[in-house]
Number of protein chains: 2
Amino acid sequence: MACAALRILDNLGLPDLTMRRLAAELDVQPSALYHHFPNKQTMLAELADRIVATHGLSPEDVPEDWRDALRAESAALRDGLLAYRDGAEVVSSTLALGLGADAPLHRLAGVIGRGGFDDSTAARASSVLVHFVLGHVSHEQQRMQYDSLGALSPELKSRGLDDDQAASFAFGVDLLVGGLERSRSRT
Amino acid sequence: MACAALRILDNLGLPDLTMRRLAAELDVQPSALYHHFPNKQTMLAELADRIVATHGLSPEDVPEDWRDALRAESAALRDGLLAYRDGAEVVSSTLALGLGADAPLHRLAGVIGRGGFDDSTAARASSVLVHFVLGHVSHEQQRMQYDSLGALSPELKSRGLDDDQAASFAFGVDLLVGGLERSRSRT
DNA sequence: ACCTGAACACCGTTCAAGT
DNA sequence: ACCTGAACACCGTTCAAGT
């Protein structure tokens with residue numbers, strides 16, 4: 001059920017993920033969907049939860065240094081969002097509406113807490129980080145879609161573009177890690 | 001024309017800002033709008049540009065210290081977004097689609113550049129900052145809307161909530177300012 | 001140049017009725 | 001419990017025709 005929705009999302013994108021198309025994919029009438037979700041937003045929230053659950057970094061892969069752990073978790077979250085077309089937008093809107101997809105928030109806050117910051121700081125900093133990740137990846141995915149719509153010589157321009165995106169993503173994460181580190185040394 | 005759109009946005013919110021309602025507000029047929037904008041997104045982009053243009057900090061009010069200037073510009077941007085219902089979401093989607101609303105990006109990059117950072121760093125850091133601001137204010141506005149829909153004793157919970165929002169906003173900005181400062185001293 | 005009228009191809013959601 | 005069929009109240013956009 002949610003699998004069909006993810007398939008539509010990945011193949012056609014968020015604007016084409018309609019209740020009617022999902023119903024058609026399941027060979028069912030649109031009204032039947034409302035026995036499983038109260039409304040469309042709830043269905044998208046379920047998708048968002050699944051998308052961020054994908055970014056499972058196995059516990060043994062989490063570095064013990066909190067800064068490296070934060071970088072690793074951030075990169076894993078980015079990978080999870082990039083795994084589905086328009087993944088960042090789905091998660092972003094769900095999170096904004098307070099309907100879920102808040103696992104990364106708690107995950108990252110936990111890592112920061114392990115760095116010796118108080119709960120309030122950890123919560124706020126993880127929120128800043130998640131806002132950045134969602135904004136960055138949304139932009140990234142928007143650009144991918146634009147490029148695939150075939151402007152002039154897409155290969156030429158996108159050669160090394162993935163590296164650029166990864167680098168500017170890492171820059172943002174490092175900026176926040178640095179800010180955190182500094183905030184502690186200034187106490 | 002754009003004023004009517006802003007009025008609808010502020011009174012009814014983004015979901016109710018439809019081409020048909022805008023046409024009705026202007027006492028015109030929906031099809032008439034397409035002589036002014038090629039499509040709805042373009043119309044929203046015009047709105048977004050206007051919303052971020054509001055955040056005009058007069059040049060004499062910009063502090064000379066780049067860190068204070070960054071804080072002041074960020075706060076002014078937040079105020080501009082908060083000035084219209086769903087302002088952050090309108091700007092966010094327009095920026096994501098690359099249709100405009102990039103004035104704050106250049107403004108902030110300029111301020112950072114005045115702090116002695118190279119152009120690439122300034123551009124990346126201002127992008128991080130704008131992602132944070134949009135994410136934060138979106139969340140803020142979502143919550144305002146939710147509260148006004150009247151949960152239990154809204155005054156009780158929102159007493160001092162504005163201060164909280166302003167404080168966590170300032171925290172995020174300071175985190176990034178600190179990160180930038182640190183990135184220079186570590187060169 | 002700017003607008004009307006009418007249509008096209010859709011939406012999300014509800015609800016009685018069936019099994 | 002789960003689904004159908006039909007409807008309600010909308011959308012964004014196009015296009016011939018008018019002025």
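Order of the sequence lines fixes the chain letters, A, B, ..., with proteins taken first and strands second; residue numbering starts at 1 for each chain.
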Quick one: side-chain hydrogen bond (donor to acceptor under 3.5 Å, both in side chains) partners of [X], sequence neighbours excluded?
| X | result |
| --- | --- |
| A:Q41 | none |
| B:D163 | none |
| B:D49 | none |

ask   = Given D:dA1, is OP1 or OP2 found less than 4.0 Å from the side-chain N or O atoms of A:H36?
value =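 No.
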
request  = Could you measure between the two P atoms, the one in D:dC10 and the one in C:dA9, and give it in whole Å?
outcome  = 22 Å

ask   = Taking the same atom, C1', in D:dA16 and in C:dC3, what whole-Å distance lies between them?
value =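 The answer is 13 Å between these two C1' atoms.
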
key: Contact residues, residues 87-96 of chain A to DNA chain C [heavy atom, < 4.0 Å]   = none

request  = Give every residue pair that meets the side chain to side chain donor-acceptor pair (under 3.5 Å) criterion with at least one member in residues 112-122 of chain B, sequence neighbours excluded.
outcome  = B:D118-B:T121

inquiry  = Show me the pairs that pass side chain to side chain donor-acceptor pair (under 3.5 Å) and involve residues 16-33 of chain A, at least two apart or across chains.
reply    = A:R7-A:E25

Ring pair (Phe, Tyr, Trp, His ring centres under 6.0 Å) partners of residues 75-98 of chain B, not counting sequence neighbours, each pair once = none

ask   = Which pairs count as ring pair (Phe, Tyr, Trp, His ring centres under 6.0 Å) when at least one residue sits in residues 99-123 of chain A, sequence neighbours excluded?
value =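 Matches after skipping sequence neighbours: A:W66-A:F117.
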
Sequence-aligned protein contact record of nucleotides 8-19 of chain D, with B where the base is within under 4.0 Å of a protein heavy atom and S where only the sugar-phosphate is = ---BBBBB----

Residue from B:L176, B:L129, B:D174 passing side-chain contact (heavy atoms from CB on, under 4.5 Å) with B:L70 =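 Answer to the side-chain contact (heavy atoms from CB on, under 4.5 Å) test with B:L70 among B:L176, B:L129, B:D174: B:L129.
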
remark   = A correct dot-bracket answer for DNA chain C, with pairs being Watson-Crick or G-U at under 3.5 Å, [ ] for crossing pairs and | for inter-strand pairs, is ||.|||||...|||||.||

ask   = Quick one: side-chain contact (heavy atoms from CB on, under 4.5 Å) partners of A:Q165, sequence neighbours excluded?
value = A:R78, A:H136, A:E140, A:R143, A:L161, A:S168

key: Partner set under ring pair (Phe, Tyr, Trp, His ring centres under 6.0 Å) for B:H131, not counting sequence neighbours   =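 Partners of B:H131 by the ring pair (Phe, Tyr, Trp, His ring centres under 6.0 Å) criterion come out as none, since no residue qualifies.
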
query = Among D:dT4, C:dC3, C:dG5, which is the nearest nucleotide to the side chain of A:Q29?
reply = D:dT4

